[in-house]
S.K.: 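Shown below is the structure under consideration.
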Amino acid sequence: MPASVDISWRWIDFDPSMTKTAITAAILTTGAKEELLDRGVYVIRIKPPFGIAYPGGHSPTLYIGEGNVPSRLYGHRKWVNLISDDAQP
């Protein structure tokens, strides 16, 4: 019999200047369980009207990752900052 997985999407507005503690707090305000943050899956998306032209079509999905979500997001802040609205040329 196929496995059944209960998936519940939660989102935060990720700001690359956030500390790991602030990222964790933001995630927890969505109702996520702290004991599950070390084995989560996350998606980094860009805001409309922008998108990525993938071979199968356009998508707002920039990156999909897994693991300790606060630590992983904290680790992505440098490159996310490079493409953010506040990035300096």
Side-chain angles (χ1 to χ4, degrees):
M1 177 184 334
S4 176
V5 178
D6 180 27
I7 296 176
S8 177
W9 288 102
R10 303 172 193 290
W11 59 91
I12 65 168
D13 286 326
F14 174 57
D15 178 345
S17 68
M18 296 169 83
T19 64
K20 196 183 314 183
T21 302
I23 294 168
T24 301
I27 294 169
L28 293 177
T29 64
T30 69
K33 296 179 182 176
E34 188 167 10
E35 63 270 17
L36 299 178
L37 295 183
D38 64 340
R39 55 188 171 122
V41 173
Y42 61 95
V43 178
I44 297 176
R45 297 168 42 115
I46 53 179
K47 293 181 180 181
F50 303 102
I52 306 297
Y54 291 109
H58 287 83
S59 173
T61 301
L62 190 58
Y63 185 86
I64 300 172
E66 65 177 319
N68 185 304
V69 177
S71 293
R72 300 277 295 156
L73 287 175
Y74 184 74
H76 293 310
R77 65 196 197 299
K78 185 178 242 180
W79 69 261
V80 170
N81 190 51
L82 292 173
I83 62 169
S84 74
D85 290 342
D86 299 328
Q88 300 297 314

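Below, each value reflects all heavy atoms present in this structure, side chains not excepted, and no hydrogens, waters or symmetry copies.
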S.K.: Is there a path from M18 to W79 through hydrophobic residues (I, L, V, M, F, W, Y) whose side chains come within less than 4.5 Å of each other?
M.R.: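 Shared cluster, yes.
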S.K.: Please confirm whether the backbone N or O of A26 pairs with a side-chain atom of T29, one donor and one acceptor, at under 3.5 Å?
M.R.: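 It does hold such a pair.
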S.K.: Tell me if the centroids of the rings in Y42 and H76 come within less than 6.0 Å of each other.
M.R.: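 They qualify: ring centres under 6.0 Å apart.
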S.K.: Can you tell me how far apart CZ (F14) and CZ (R45) are? Round to the nearest 0.5 Å.
M.R.: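 So the CZ of F14 and the CZ of R45 are separated by 16.0 Å.
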S.K.: Can you measure from OG1 (T24) to CG (N68) and round to the nearest 0.5 angstrom?
M.R.: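 Reported value, rounded in 0.5 Å steps: 7.5 Å.
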S.K.: Check each of L73, I83, I64 against I44 using the side-chain contact (heavy atoms from CB on, under 4.5 Å) test, and report the only one that passes.
M.R.: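 Of all the options given, the one that passes is L73.
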S.K.: Out of curiosity, does L28 fall in the hydrophobic cluster containing V41 (side-chain heavy atoms, cut-off under 4.5 Å, transitive links)?
M.R.: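 No; L28 is not reachable from V41 via cluster members.
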S.K.: Taking the side chain as every heavy atom from C-beta outward, state whether K20 and S71 have any atom pair closer than 4.5 Å.
M.R.: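 In contact.
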S.K.: What's the separation between atom CZ in R39 and atom CD in E66, rounded to the nearest 0.5 Å?
M.R.: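 It is 12.5 Å, given to the nearest 0.5 Å.
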S.K.: Would you say W9 and L37 are hydrophobically clustered, going by side-chain heavy atoms of ILVMFWY under 4.5 Å?
M.R.: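 Looking at the clustering, L37 is in a separate group from W9.
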S.K.: Tell me whether R10 contacts the main-chain N or O of T30 through its side chain, where contact means a donor paired with an acceptor under 3.5 Å.
M.R.: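 It does hold such a pair.
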S.K.: What verdict does the side-chain contact (heavy atoms from CB on, under 4.5 Å) test give for R72 and V69, after you've listed the backbone C-alpha separation in whole Å, the side-chain angles of each residue and the deciding distance to 0.1 Å?
M.R.: CA-CA 5 Å; R72 300 277 295 156; V69 177; 5.8 Å; no
S.K.: Under a 4.5 Å cut-off applied to non-hydrogen side-chain atoms, are T19 and I23 in contact?
M.R.: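 Not touching, per the 4.5 Å side-chain cut-off.
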S.K.: When you compare the side chain of I27 with that of P70, does any pair of heavy atoms fall below 4.5 Å?
M.R.: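 Of all side-chain heavy-atom pairs linking I27 with P70, at least one is under 4.5 Å.
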S.K.: Give a yes or no on whether the backbone of T61 and the side-chain of S59 come within a donor-acceptor separation of less than 3.5 Å.
M.R.: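 Flag set: sc S59 to bb T61 pair under 3.5 Å.
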S.K.: Is there a chain of hydrophobic side chains (I, L, V, M, F, W, Y, each step under 4.5 Å between heavy atoms) that links V43 to F50?
M.R.: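 No.
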S.K.: Under 3.5 Å, is there a donor-acceptor pair between the side chain of R77 and the main chain of Y74?
M.R.: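 Present.
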